[in-house]
Amino acid sequence: MEEISIEVPVEPPKEYEWYFIPVPKKFVEEAYRKDEFVVFVGPQHPGSGHMRIILRLKGDFITDVIPDPGYVHRSMEKLAEYKTYIQNIPLVERPSIMDFGNYNLGYVRAIEEALEIEVPERAKYIRTILAELSRIGTHLYDAGILAVFLGHTTGFMYPFAVREFIVEMITRITGTRITGSFIVPGGVRRDVDNDTLQKIKRMTYALENRLKKFEKIFITNPTTIARLKDVGVLSKEEAIKLGVVGPFLRACGVEYDVRKVEPYEAYDEIDWEMVVGEDGDGYTRFLVRVNEVSQSINMLRQLVDNIPEGDVISEDIVAFDRKDIRGSFFEAYGDLVLPKGEYTSITEASRGSLLFTIVSDGESTTPYRLRIVTPSWLYLKGFMESLKGERLADLQAIYGSWGYFPPEADR
Amino acid sequence: MVRIKVEKPKVHKSVALHIKAITTAFKEAISPGTITIHYPRERRKLPDNFRGLLQLDKEKCINCFRCAHICPANAIQMYQRENKYYPGIDYTKCILCHFCVDSCPTAALKPSKIHDVAFASLSTMVLPPEELAGEPEMWREDTVTVEYDFDGDLKMIKRKEVENLIVEVEKPKRPEFVAGAAFPENCIACRICVNSCPQNAITFKLQDLQTMVLEIDFEKCTGCMVCIRNCPTQTLLPFRREEVLKGGESDEQG
Amino acid sequence: MNKVDVKLWKIPIPEKPPECRFDWTKERPERVERCKYFGNLKAVVIDKGICSHCGTCYICPVRGIVVEDKPIDFPNWRKDCIDCGACIRVCPRYDYTPLNGLGEYIEAVAGKSKRFKGQDGAMVSEFMAGALEMGIIDVALFVARDEEFKPYVVHITDPDQLKDERITGTKYSFASVMPELHDSIKHVRAVGIIGTPCMISGLRKLQKVVPLYKQKVKLAIGLFCTENFYHWQLKEFLEGRGIDLRKAVKTDIKKGNFIVTYDTGEEFSIPVKEMEEIVPDGCKVCQDFSAVEADASVGSVGSKKGFSSVLIRSETAKEIFEYLKEKDYIEVGEVKIDVIKRLCDYKVKIHPYPKG
Amino acid sequence: MVDVSGIVSGIVEKIFAALTANMVNIPILEPLINKLLQIPLVNLVVAFILWKPAFVILFVPGLLAVTVVLLIMIWWERKLTARIQWRVGPKEVSRRTGGIIQTLADGMRYMFQEVIIHRDAHKLYFLQLPILSFIPVLLPILLIPAGTIYAIRSPYAIQIAVALTALLPIFILGIGWSANNRFAFIGTVREAFLYVAYEIPLMIAVLSMVLLYKSGDPFVIVEKQWIPGIFMNPIAFIAFLIGMVMAAGRLPFDISEADQEIAFGPFVEYSGIIFGLVMGIAYEKLYLLSLIAAILFFGGWSGPEIAFLGELSYAIWLFLKAFVLMGFIVMVRAIYGRYRLDQALKFGWSSLLTFSLIGFFISAGWVIWLG
């Protein structure tokens, strides 16, 4: 359609001078002259956490977008410098509490790399089970948030109900619903009994059963397909250029998964497949995660079946009971000092590659510097890029399809 | 590798999907898979290792400060009681990570299944050691305990019983330690160990004006290692109790 | 790095366990005054003006003794002192007989570092770097300076850290090396320190009293020393003369002159005699120029420009020196021993003891 | 002297006679009404209440029925949705009845909540319009008869009722404009877009049924339904149903409100009881359309007569049919997400319009076939 414009000099109203606007005044004035809307979405967003997106709309179409993250910044990296290595474990899993398994694992792996600790096989399996449980939990959580954004209330309730199964299993393993702080350097805090393991396997069948209903009512619901298909498309080249990570990168057709590329823990001992999409649109991004859930279910069954017997705490750790850290936690970790140097671990968290870097001065019991690069932060740029040219009504659909989690990005 | 490629559904397919969604909703409306637990009247069965509020057994506490030292949230403060120090917990800060429980060498700090407590004000959330023992004042409306189990689908096992929220915890497996003077020559006679010992196991007496004798009573020593951490010159080190006793016997024999 | 080292709570099991009811005895020093031990120290050392501000007394288990940029004190000692007597046992001036002369030495050489840039030949840095590389020590305590030449102690674990010119180079102000040593002695395996002759004396006395320090302090390098200043006094004095320490990159004492060099290359020179008023009392009774008790003594006197004179006194220092020569880190030169000797005698002359 | 009291009593008597001539007949309440009619002045009030046009406005299908719909339907919607979503739904307020008075409790809360009027609003319209929006709700009720209880009988009653119902979005546009807020503007524009997209197919569907019965008079329509209208013209019914969902702003077409996108659109600035009123608009419209649908497709008030209720039994039947229809429509909320505006417009202008036209042709076919 041809655009008709009248060349009349339009001056922005005087009020603009005293409005508090967190973007350059020029941006607003230019939008005014071009007859565009500037819409602030957030920061008190009804979806997940807090983030402001500043949009420039031409009619209903987004022409420009400025993200305004940082509303839930907690200076986690600085806080970590004032806590001992072991005290940081509850801290570092806070960015994304549903995904605690992967966050905890990433941090502990960085410590283990520094201390060159060999982790017992059984502990590795338990860690992988925890990581996969929290991956399913996070994907379900994101699916629920996506459904809320699309106005589908049942699509919100079903994943959150099913997540309760995951949380139940996590409670049985760690003793708490989320924020397990269960993985410690050299193993896990407690052994998991056989009963619980079998229950996890039974849970996966119940999960599958319920997810089938979820699929019928939400995943293949024509309104969902209509809202997400061909919306917020990011091409393969763009995705690589903008540094998108995790399932969102795979949705664009890039075959990259840290669990396959650099297998850690028990990922190379079990049989599973990488999920790769093609179109890079919102629906593929969602479906990739849906399929990852079924892969995780498959993994959980194998892990439960193949778990070896043995200790769960490494020989290198001062622990008096190798099945349960209780009673020797302080002796083992109270005065942990890492040798001097820089240690990095890369983990495939639910939303993408998660990087922990610990810089140690070799003397103190606290890290000299802890760097956390979270997946949400990495794909924020790609998220913003995929918004351009879409409709305002699609903002929430795209937001949901990215599973963007402000507390995780802000750290 | 799983590859995902979705085509836009055709009209007849779309109608089928509509019907599928609607029938699912109708099915659920008729026989719902409700998973709700009617909380105050029913209670979820929690595992024994549940990380709820903390319980303190003052009898077992050896005043070793381990819990206060390890606490990531600085929620534990030691309170002086009859010349000894016991932990008190500030629940405004506590994150229930239970590092303190795992650090406690004598299971004096125990977990419990209590997770639903209301405090009248912020100041009442700071609990001194006396208030940490036993169940808090509770109104329990629950008569039914619900356990989640899975059998193809979720199975909610409802039992007419009231769950005991206090958990019995065994003493953790760990050898007993005692503090011994490993390098007596390093001692600078500062007597900090004497003052810091919560059990009064280290005593000193002046032989004459210039010579001081320090003595550790292994019977009294609980191995809390406070003296070892406080000693400025690494005079004291922990020894395993059985090794010490065996050594003593062998000395007698020799 | 060895895995075992990082676990401080690894329970060591000694070869012979202690007895059932263990006791150990400790001799306590005699009192001169009828008050707590710090009162004795105060009366005998501090008030008499012979305290050298070496900081050894910071061993005080309650950490009550304040070693800062002012005379050593224990605020409120009548109440807080626990009367253990550790301070007077380790104080090198409590029972003071001045050391003087060149002392015993194995070899006297001059050296110049090829790696580092220091005061003259940067031999101190070279010794410590060599010890770190050989694994004799894990940590070396160096004195760094801030913009205003205020000294502070840094832990050096890697020779590369010594490339910083703020760490090498002399500061001419009291630094709290000994307090830092006391604070970190439990956490290190082997440590090397650098100090003025009084600090070395203090360390030796400390090692005699507490064998832990003998076990852990493996290398002690002494510096040739005429006098040392309180930082604030030095700064005020130089400001009075129109010299701004913030612009300075180097301070030095050469041929009886205190020389400050600016970053622009400008040099200011003040005769040391004029600085007599700010020399602390403790330095006025010190006769030890060449750090007689150190493992090695280093200074600029007696060698060519750009070289440092080194008096090697112990086998450890000798080994390190051989290692440095072997690796070709240093250039070896000649040293005029009589020049050093003359200065030693000069110091005895200007600093008579007993005073007056 | 003029006999003032005589004139007044004469007028009163005349009014009383006029009122009692057209009174609702409820056998079960007969003794009570008769007793009340003996008392002076009270008899005037009672006669007025039972006067059919007043009864229509006040009770069925007027204000009382609307209130009941608002209170019960919202509860029913929540309960049904909860059941589908594996939840329990409102329960704690009056636990024995399953929380049926939950909506009342919410209404009470709204009542005592502060009504905030922000600085930029056009205060007059901002407060007026939600209350004025009762006009297009109550006017059509005059034209919708419940059996013999009716206010106005006209051969164009259905057409006029639908036309009056279509006025409601105008008030929503006014609300959005007076709120003077970006989200309200966007929501208003969306509402305006959608308005045309659903109102035309809806009217065509109604007209096709009117064509089928050859009259817009509800009495004729009910009389002519030897089988319910839904079986005569199911296509028109589907068009009407979808149009109804869109008109009532229910999911998947609650595009103008869209709380996740534009935070309740036109109603973004409302609070307190006024918010309660504006949120009621959608339910009121749904109720009106359900009444019309009940008349057009489900045989209106025809049903077994309940003797002791007399004339009221027709009203009850009509109300029940409308209520059941509403009960099914609210369930759609649990099944669908929200379409985008352009998708909804496309659907409205293509599929829905085609459907309604097909319905129209089927009606025409019936008319030709039956003669």
Side-chain angles (χ1 to χ4, degrees), chain A residues 83-84 86-91 154 161 164-165 168 171-176 179 181 189-190 196 199 202-207 209-210 213 216-218 220-222 225 229-230 251 255 273-279 283-284 287-288 291 295 320-321 324-331 333-334, chain B residues 1-6 8-9 13-15 17-18 20-25 27-28 33-36 44 46-52 64 66-67 69-73 95-107 111 148-155 169 171-175 225:
Chain A
K83 290 181 187 297
T84 61
I86 197 74
Q87 286 177 343
N88 277 328
I89 285 183
L91 180 72
T154 310
E164 196 61 28
F165 302 175
E168 168 74 17
T171 313
R172 278 171 189 278
I173 296 172
T174 67
T176 186
T179 63
S181 313
R189 271 163 77 173
R190 249 189 315 281
T196 310
K199 205 163 241 181
R202 289 208 300 280
M203 185 273 291
T204 58
Y205 292 105
L207 196 67
N209 185 12
R210 294 254 168 166
K213 288 173 186 167
K216 276 182 202 154
I217 212 158
F218 181 68
T220 60
N221 192 314
I225 298 175
K229 189 94 190 92
D230 298 331
E255 294 164 15
E273 313 233 319
M274 195 196 297
V275 185
V276 181
E278 223 162 72
D279 304 336
Y283 198 50
T284 319
L287 278 191
V288 164
N291 279 288
Q295 287 297 330
F320 307 115
D321 184 357
D324 190 348
I325 196 77
R326 199 162 62 86
S328 38
F329 195 86
F330 190 78
E331 278 81 355
Y333 307 114
Chain B
M1 197 175 319
V2 182
R3 280 222 169 250
I4 294 167
K5 174 93 181 138
V6 188
K8 213 162 200 159
K13 187 102 185 288
S14 183
V15 170
L17 291 174
H18 272 293
K20 232 185 207 175
I22 292 169
T23 46
T24 313
K27 261 187 221 161
E28 290 302 317
T34 310
I35 63 164
T36 310
R44 169 98 68 96
L46 296 168
D48 275 349
N49 58 9
F50 187 77
R51 294 188 347 211
C64 67
R66 277 179 172 85
C67 44
H69 275 287
I70 203 77
C71 182
I95 54 172
L96 297 172
C97 64
H98 281 207
F99 279 3
C100 47
V101 173
D102 281 359
S103 298
C104 186
T106 55
Y148 269 14
D149 203 343
F150 303 97
D151 180 19
D153 195 4
L154 178 70
K155 199 167 70 179
V169 179
K171 203 165 177 288
K173 270 190 228 164
R174 73 180 252 138
M225 303 190 194

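Please read all numbers here as calculations on a predicted model, not as lab measurements. To find a chain, count down the sequence lines: A is the first, B the second, and so on, and within it residues start at 1.
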> With only heavy atoms counted, which part of A:D230 is less than 4.5 Å from chain B, the side chain, the backbone, both or neither?
Replying inline: side chain
> Name the one of B:D153, B:D151, B:D149 that satisfies salt bridge (charged side-chain N to carboxylate O under 4.0 Å, His left out) with A:R202?
Replying inline: B:D149
> B:I35 versus chain A, heavy atoms under 4.5 Å apart: side chain, backbone, both or neither?
Replying inline: side chain
>> Side chains of A:T284 and B:V6, heavy atoms from C-beta outward: is any pair under 4.5 Å?
In response: no
> Does any heavy atom of chain A fall under 4.5 Å from the side chain of B:C71, the backbone, both, or neither of them?
Replying inline: backbone
> What do the steps show when you test B:I70 against A:I86 for side chain to side chain contact (heavy atoms under 4.5 Å, CB included), and what is the final call?
Replying inline: CA-CA 8 Å; B:I70 203 77; A:I86 197 74; 3.8 Å; yes
> Does B:I4 offer a backbone N or O that forms a donor-acceptor pair with the side chain of A:E278 under 3.5 Å?
Replying inline: no
>> Can you tell me which portion of A:I173 sits under 4.5 Å from chain B's heavy atoms? Options are side chain, backbone, both or neither.
In response: backbone
> So, B:D102 and A:R189, do they make that salt bridge, N to O below 4.0 Å?
Replying inline: yes
> Hey, which of A:N88, A:D324, A:T174 has the most heavy atom pairs under 4.5 Å with chain B?
Replying inline: A:T174
> B:F50 versus A:T176: any side-chain heavy-atom pair under 4.5 Å?
Replying inline: no
>> Using a 4.5 angstrom heavy-atom cutoff, name the option from A:G277, A:P90, A:P222, A:A251 with the most pairs to chain B.
In response: A:P222
> Just how far is it from atom CD of B:E28 to atom NZ of A:K216, taken to the nearest 0.5 Å?
Replying inline: 9.5 Å
>> Rounded at 0.5 Å granularity, tell me how far NE2 in B:H98 sits from CZ in A:F329.
In response: 12.5 Å
> Between OH of A:Y333 and CZ of B:F99, what distance do you get to the nearest 0.5 Å?
Replying inline: 9.5 Å
>> Show the nearest heavy-atom pair for residues A:R326 and B:A107, with the distance to one decimal.
In response: NH1-CB, 3.9 Å
>> I'd like to know whether A:R190 forms a side chain to side chain contact (heavy atoms under 4.5 Å, CB included) with B:N49, so could you lay out the CA-CA distance, the side-chain angles of the two residues, the decisive distance to 0.1 Å, and finally the verdict.
In response: CA-CA 10 Å; A:R190 249 189 315 281; B:N49 58 9; 3.7 Å; yes
> Which of the residues B:C64, B:G33, B:C104, B:G52 is involved in the greatest number of heavy-atom pairs with chain A at under 4.5 angstrom?
Replying inline: B:G33
> Top residue by heavy-atom pair count (under 4.5 Å) with chain A, among B:R3, B:K155, B:R51, B:H69?
Replying inline: B:R51
> Does the side chain to side chain contact (heavy atoms under 4.5 Å, CB included) test come out yes or no for B:L17 and A:I225, once each step is laid out?
Replying inline: CA-CA 10 Å; B:L17 291 174; A:I225 298 175; 4.1 Å; yes
> Between A:E164 and B:Y148, does a side chain to side chain contact (heavy atoms under 4.5 Å, CB included) hold up when you go through it step by step?
Replying inline: CA-CA 10 Å; A:E164 196 61 28; B:Y148 269 14; 3.9 Å; yes
>> Once rounded to the nearest 0.5 Å, what's the spacing between atom CD1 of B:I22 and atom CD1 of A:I217?
In response: 9.5 Å
> Just wondering, are more than 12 heavy atoms of other shown residues or ligands nearer than 6.0 Å to NZ in B:K171?
Replying inline: yes
>> Which one wins on heavy-atom pair count under 4.5 Å against chain A: B:G152, B:S14, B:A21?
In response: B:G152
> Is it the backbone or the side chain of A:R210 that comes under 4.5 Å from a heavy atom of chain B, or both, or neither?
Replying inline: side chain
> Which of the residues B:K5, B:K8, B:K20 is involved in the greatest number of heavy-atom pairs with chain A at under 4.5 angstrom?
Replying inline: B:K5
>> Does any backbone or side-chain atom of A:T84 lie under 4.5 Å from a heavy atom of chain B? Answer side chain, backbone, both or neither.
In response: neither
> Any chance the rings of B:F150 and A:F165 have centres within less than 6.0 Å?
Replying inline: yes
> Which answer fits B:C97, side chain, backbone, both or neither, if we ask what part of it has an atom under 4.5 Å from a heavy atom of chain A?
Replying inline: both
>> Heavy-atom pairs under 4.5 Å with chain B: which of A:K213, A:K83, A:Q295 has the most?
In response: A:K213
>> Is B:P47 close to chain A through its backbone or its side chain, or both, or neither, when contacts mean heavy atoms under 4.5 Å?
In response: side chain
